[in-house]
Every structure is written in C-alpha cells, then in structure tokens.
Q: 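Let me begin by handing over the structure; questions about it come next.
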Amino acid sequence: MSQLRLNPLTDRWVTVAVDRASRSDLFAPRRLPVESSDHPCPFCPGNEEDTPPALETYARDGRWLVRVVPNLYPAFEGRGAFSVAHLGPLFAQAPGTGIHEVLVFSPHHRSSWADLDDKQVGLTMAAIRDRMEDHARQSSVRYTQTIVNHGREAGASREHPHGQLLGIPFVPEELVAESRGFDGFMHRHGECLLCTTARIETEEGHRVVHADERVLVLCPFWSAAPYEMLVIPRAHEGHMAGAHPADLVAVGRAVRDALAKLGALIGDVPYNLVLHTAPHHGEGLFHWHLHVLPRLTSVAGFEAGTGVLINIVAPEAAAADLREASPPPPAGDAPASAAVE
Ligand SMILES: [Zn+2]
Ligand SMILES: [Zn+2]
Ligand SMILES: [Zn+2]
C-alpha cells in the first residue's frame, strides 16, 4: 500500500507509491510503450483478460464502448479511514487508502477525447458520474479526482485513450484553495464565483472559445499556461454527479470541441484534463468545472521556486486563435440528452 506523508514546510500531502517503482521501465524511455503481438494493448477489445475484471461496462449491440477497471498499480487502495500518525515533531504519515480506477473511454486505440462521437461522449460522462456516485458511498473517500493525461509529456503511460479516477481519503490543497476562492467571492459579492464568471465573460466575449445555453469554454483571465481553457456548466451545481444529464453531455462535447480546436491550431499536443467537483459529503459552496491544460511549456526554476507561473501567450490572443481554428466536424449528431441514461 502507498503512504501519505505531510510536508510540514507547505502543509501538503505527498503520496509515496512504492509498489510502482518495481516497474523498472518507469523512467527509462521518455516515450509511450510500443504495442506488438508480444505486448498487445491491454485496453483494446479482445484483450479484456489483461486487465482486472471490469467494475462497469457500457455496451451497445454486444460490444463494449466504455470500460472502467481497477488500476493494476494503484496509488490509493483499501477502505481504511484517514488516520494520521505523528512520529515525533517531523514525520506525519497516513496510509494511502482509497480507490484508483482506469476509465477506457473508447474501444479505438488510435483515438482521443477530441475524436469521440456524441454517443461516446455521453457514455463517458455517464461513466464518470456513475463512478463518482459509487466512490461517494465509501465513507473514507473524501474526494475523487478525475483526470485524462494525453501524451507522454502530460504523464500518459499508454497510448490507448483512457482517464483515471482517484478516490482519496482527504480533500487536497488545490480543492481547499478553490473552495476558499468560492467562499471569499460569495462573502464579498454575494454570488457564486463561476456563475458570475460565466455571465460576465459571455458579455465581454473576447476570452470566449465556445458559448451555448448550457456551457461556456473560455481562456481564463488568469490563464497560467498557453491555451489553457476553463469549461463551466452554466447551471449551478456543486458536484458533477448532481448535474442534469443534458449538462453532462454538453460539457463532454464542449471539451471534445475545445480539444479538436486545439489540435487544429497546434497539432497533437500533450494535455491534462482535470475535473474539479465538490468533495463528497461536502457542505461548502462549489461549482463543478473542468480545466484543459495543454503542456506546451515546461515548469522551470522560477515557477518551481515561487509557484508563480509565467504565461507567454495572453489568454485574449489564445481565445481568438482557438475561436478561428476549424477542426473537421464531429462524427455523431445525437440530441443533447439522448446519450446519458
Ligand atoms: Zn489499445
Ligand atoms: Zn455557480
Ligand atoms: Zn478548478
């Protein structure tokens, strides 16, 4: 099992996942593994035996379209509560309990979120929601982080399109910081920060990448990286599991279209998708959203030393570029609520 250790300089938890280090190829190649007949892709149809049994399968006409499987090398595992042991004044540690799952969101090896048709987007968002609801039932899981890493530089270890859900036994500092942002804005202005952002940025227009009646995609005023995007569902909802099915689909499609625009503009760039949602059982103010973080530059010494990021592309220019980018049209064309059941 992995171990959580508290850094008392910053009050941030670090996960030491020692089991993963047994994989000797972890650091050697800076590229994705090459699949062959000897080393077939475990996420491709026909190789289901190469993963642990699926937790959920979403199928049509006898073929699966989305699968959720336990991670073979879990960073968080087991049902124990978050129990911190203080070994003297310096060493605070806790067992790394929780859930670590892989979401295979397409049966097609050479594809990505940017290529999903409407039906596939709907099933993927439904799968994330269903897993969130399942995680919430486990009382020791306080928060679930859903991510997609695309490309080696963004942390992907396999080419086959997949995401991960990590149910962890504490609310991480990034979420605590955002919750503080919501609370502070409400205290000063009497409104939800992201509801206000969606309204004012729609009026201003020049940082908007995509806007419709359900969702807004923008390059935020405070973008810390080139072509960073924020995806905001317009309906106020703290936890994504509580969102209307049509809003889930709209957000999934908006992410797809935003990634397609990014691809049309710059090519197949590495990126992280980060879904932020309220902690499970949390009472505080939150508004779920997604960050699209292209990894076009690397974090250098100043950024590492200060936490102050230097962005070399103004978000207003990035939004103008993305608005004008014209990817090929998406494949499917289903009605908004059809795909989430
Ligand atoms: Zn594959
Ligand atoms: Zn709101
Ligand atoms: Zn966020």
Side-chain angles (χ1 to χ4, degrees), residues 32-51 54 63-67 69 72 102-113 115-116 120 143-148 150 156-163 171-187 189-202 214-225 228-240 242-244 247 251 255 272-279 282 284-293 309:
L32 293 166
V34 178
E35 277 88 19
S36 65
S37 51
D38 293 346
H39 297 281
C41 169
F43 299 156
C44 272
N47 303 334
E48 289 82 1
E49 305 286 305
D50 293 345
T51 64
R63 293 178 307 126
W64 65 262
L65 297 172
V66 174
R67 287 178 89 220
V69 298
L72 261 183
V102 177
L103 168 78
V104 183
F105 59 77
S106 169
H108 302 296
H109 188 84
R110 294 202 181 281
S111 113
S112 73
W113 195 300
D115 307 312
L116 301 182
Q120 197 73 35
Y143 174 72
T144 295
Q145 182 61 59
T146 304
I147 54 165
V148 174
H150 177 83
S157 56
R158 297 215 164 265
E159 191 178 40
H160 196 113
H162 68 285
V171 179
E173 187 58 35
E174 194 69 19
L175 260 286
V176 172
E178 287 198 356
S179 296
R180 237 182 265 131
F182 280 108
D183 288 345
F185 193 87
M186 175 60 77
H187 182 72
H189 303 284
E191 280 188 280
C192 164
L193 171 55
L194 287 192
C195 286
T196 306
T197 302
R199 177 169 50 77
I200 292 181
E201 289 287 12
T202 301
R214 293 193 177 275
V215 60
L216 179 72
V217 182
L218 74 156
C219 293
F221 178 73
W222 38 262
S223 293
E228 173 175 350
M229 286 178 268
L230 183 66
V231 182
I232 308 173
R234 290 191 191 274
H236 180 83
E237 186 62 53
H239 202 291
M240 74 86 76
H244 191 282
D247 288 323
V251 166
V255 169
N272 302 109
L273 298 183
V274 170
L275 192 161
H276 276 159
T277 185
L285 178 66
F286 205 80
H287 183 140
W288 76 285
H289 59 276
L290 259 139
H291 299 269
V292 181
L293 303 169
L309 300 172

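Values below: all heavy atoms of this structure, side chains included; hydrogens, waters and symmetry mates excluded. Computed from a prediction, not measured in an experiment: that's the story for all the values here. Order of listing sets the numbers, starting from 1, for every ligand and every atom in it.
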Q: What is the name of the N/O/S atom of His236 that is nearest to the Zn ion (ligand 2)?
A: ND1

Q: Let me know which of Val69, Val102, Leu72 forms a side chain to side chain contact (heavy atoms under 4.5 Å, CB included) with Thr51.
A: Val69

Q: Is the distance from the Zn ion (ligand 1) to the nearest N/O/S atom of His160 under 2.8 Å?
A: yes

Q: Do the side chains of Glu201 and Phe221 get nearer than 4.5 Å, heavy atoms only?
A: yes

Q: Return the name of the atom in His109, of element N, O or S, nearest to the Zn ion (ligand 1).
A: ND1

Q: Is any NZ, NE, NH1 or NH2 atom of the basic residue among Arg110 and Glu159 found under 4.0 Å from an Asp or Glu carboxylate oxygen of the other?
A: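 Salt bridge between Arg110 and Glu159, a charged N being under 4.0 Å from a carboxylate O: yes.
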
Q: Quick check: His289 with His291 (ring centres under 6.0 Å apart)?
A: yes

Q: In terms of the angle between their ring planes, are Phe182 and Phe286 parallel, tilted or perpendicular, with boundaries placed at 30° and 60°?
A: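 Aromatic pair Phe182/Phe286 classed tilted.
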
Q: Between Arg199 and Arg234, does a side chain to side chain contact (heavy atoms under 4.5 Å, CB included) hold up when you go through it step by step?
A: CA-CA 9 Å; Arg199 177 169 50 77; Arg234 290 191 191 274; over 6 Å; no

Q: Working to 10°, measure the angle at the Zn ion (ligand 1) formed by atom SG of Cys44 and atom SG of Cys41.
A: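 Taking the Zn ion (ligand 1) as the apex, I get 120° for this pair.
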
Q: By atom name, which N, O or S atom of His276 is the nearest to the Zn ion (ligand 3)?
A: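 This residue's closest N, O or S atom turns out to be ND1.
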
Q: Among the N, O or S atoms that Glu178 has, which is closest to the Zn ion (ligand 3)?
A: OE2

Q: If you stand at the Zn ion (ligand 2) and look out to ND1 of His287 and SG of Cys192, what angle do those two lines make, to 10°?
A: 110°

